[in-house]
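Worksheet for the structure shown next.
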Number of protein chains: 2
Amino acid sequence: MRVFGIDCGTEFTGYGVVEVDHSGREVKLRHLCAGAVRLNKKDKTPVRLLQVYGELTGLMRLWQPEVVAIEEVFFSANAKSALKLGQVRGVAMLAAAGCGLPVAEYAPLTIKSAVVGYGLAAKEQVGFMVARLLELEKAPKPADAADALAIAICHIHHAQTAERMRR
Amino acid sequence: MRVFGIDCGTEFTGYGVVEVDHSGREVKLRHLCAGAVRLNKKDKTPVRLLQVYGELTGLMRLWQPEVVAIEEVFFSANAKSALKLGQVRGVAMLAAAGCGLPVAEYAPLTIKSAVVGYGLAAKEQVGFMVARLLELEKAPKPADAADALAIAICHIHHAQTAERMRR
């Protein structure tokens with residue numbers, strides 16, 4: 001299974017592709033790519049949204065994932081920033097739908113629990129554990145890329161659990 | 001000038017196309033089309049966003065406007081609904097950007113002032129005045145379609161004022 005994780009943000013939108021490797025004795029997670037769409041604050045909103053859509057669509061076509069995993073958003077912040085984040089999130093989900101890919105959503109607590117084993121883990125712990133699980137030398141940068149990989153790993157864990165329960 | 005107005009919503013997203021007709025003695029506004037993208041609550045979010053994007057893109061290609069006008073959103077409502085509205089709004093702006101069209105944003109007060117002459121006008125008053133300005137027999141339905149036409153009319157008024165000031 002190949003999963004495309006997305007961590008939406010109004011400045012940086014992280015992405016990461018993770019694959020499950022069943023070839024060896026142990027089931028292994030393999031890191032394929034990670035990075036972030038960096039938006040220029042000077043650009044107008046439609047231009048920024050077009051950039052997010054274009055880059056994500058291009059990456060999905062390149063990496064051909066089977067599913068897109070994205071963070072559910074719960075807000076303590078104000079409605080204005082929620083609207084702005086929603087705009088980016090809508091475009092990210094549209095990119096997935098446009099590529100014919102299903103979208104799975106996970107709550108932040110679920111993602112951190114899946115990767116660190118602790119729902120209230122700090123950002124650095126997430127980066128550290130992502131690097132360990134994917135056998136990377138260090139945590140991917142920016143942090144949004146590490147978060148996107150964490151979301152992809154979370155989906156893989158959930159899919160494996162669901163598969164085991166099905167059997 | 002031909003303007004494509006959009007009134008975003010999580011259930012109904014209204015649209016309306018208005019043209020300025022300079023052919024006669026008086027400058028006249030002409031209504032070309034109005035309606036709403038109706039979303040099914042049972043559909044998943046990516047499917048709904050794909051529908052909004054597809055229908056708006058199709059309409060923009062069909063009517064070939066020069067500009068897209070959209071409502072600015074100020075929120076008293078909670079962050080959760082702001083996020084959901086933002087997702088639709090992001091996709092609407094992306095449709096405009098994808099068609100190479102500039103996007104103009106207007107505050108609700110500005111739109112109502114332009115159409116009714118009173119910033120705190122009720123929804124029915126907006127529908128009534130839109131019908132009058134566009135010489136329609138009655139207010140377009142649903143109300144979201146009338147609101148979208150109001151946004152388009154607002155842009156035309158502002159563009160005319162800017163043009164007069166330039167001269």
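Numbered from 1 within each chain, the chains take letters A, B, ... in sequence-line order. Hydrogens, waters and symmetry mates play no part in the numbers below; they use all other heavy atoms, side chains included.
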Next on the checklist: Side-chain heavy atoms nearer than 4.5 Å, only ILVMFWY residues, links allowed to pass through others: does that put A:V17 and A:V3 together?
Outcome noted: no
Checklist entry - Do B:Q87 and A:Q87 have side chains that get closer than 4.5 Å, going by heavy atoms? => result no
Checklist entry - Can you name the nearest heavy-atom pair linking B:L94 to A:L49, along with the distance? => result CD1-O, 3.5 Å
Checklist entry - Between B:A82 and A:A79, which heavy-atom pair has the shortest distance, and what is it? => result CB-O, 3.4 Å
Next on the checklist: Please tell me whether A:I156 and A:V67 are part of a single hydrophobic cluster in this structure, the criterion being side-chain heavy atoms less than 4.5 Å apart.
Outcome noted: yes
Item to check | Cluster overlap B:W63 with B:V18, hydrophobic side-chain contacts below 4.5 Å | outcome: no
Checklist entry - For the atom pair CE (B:M93) and NZ (A:K44), what is the distance rounded to the nearest 0.5 Å? => result 12.0 Å
Next on the checklist: Shorter than 4.5 Å, heavy atoms on both sides: which option in A:V47, A:L101, A:V91, A:V103 has the most such pairs with chain B?
Outcome noted: A:V91
Next on the checklist: Once rounded to the nearest 0.5 Å, what's the spacing between atom CG of A:L83 and atom CG of B:L83?
Outcome noted: 8.5 Å
Checklist entry - A:L136, A:F128: one ILVMFWY side-chain cluster at the under-4.5 Å cut-off? => result yes
Checklist entry - Given the rule that I, L, V, M, F, W and Y join up when any side-chain heavy atoms are under 4.5 Å apart, are B:I151 and B:L59 in one cluster? => result no
Checklist entry - Picking from B:G98, B:A97, B:G86, B:A95, which has the most non-hydrogen pairs under 4.5 angstrom with chain A? => result B:G86
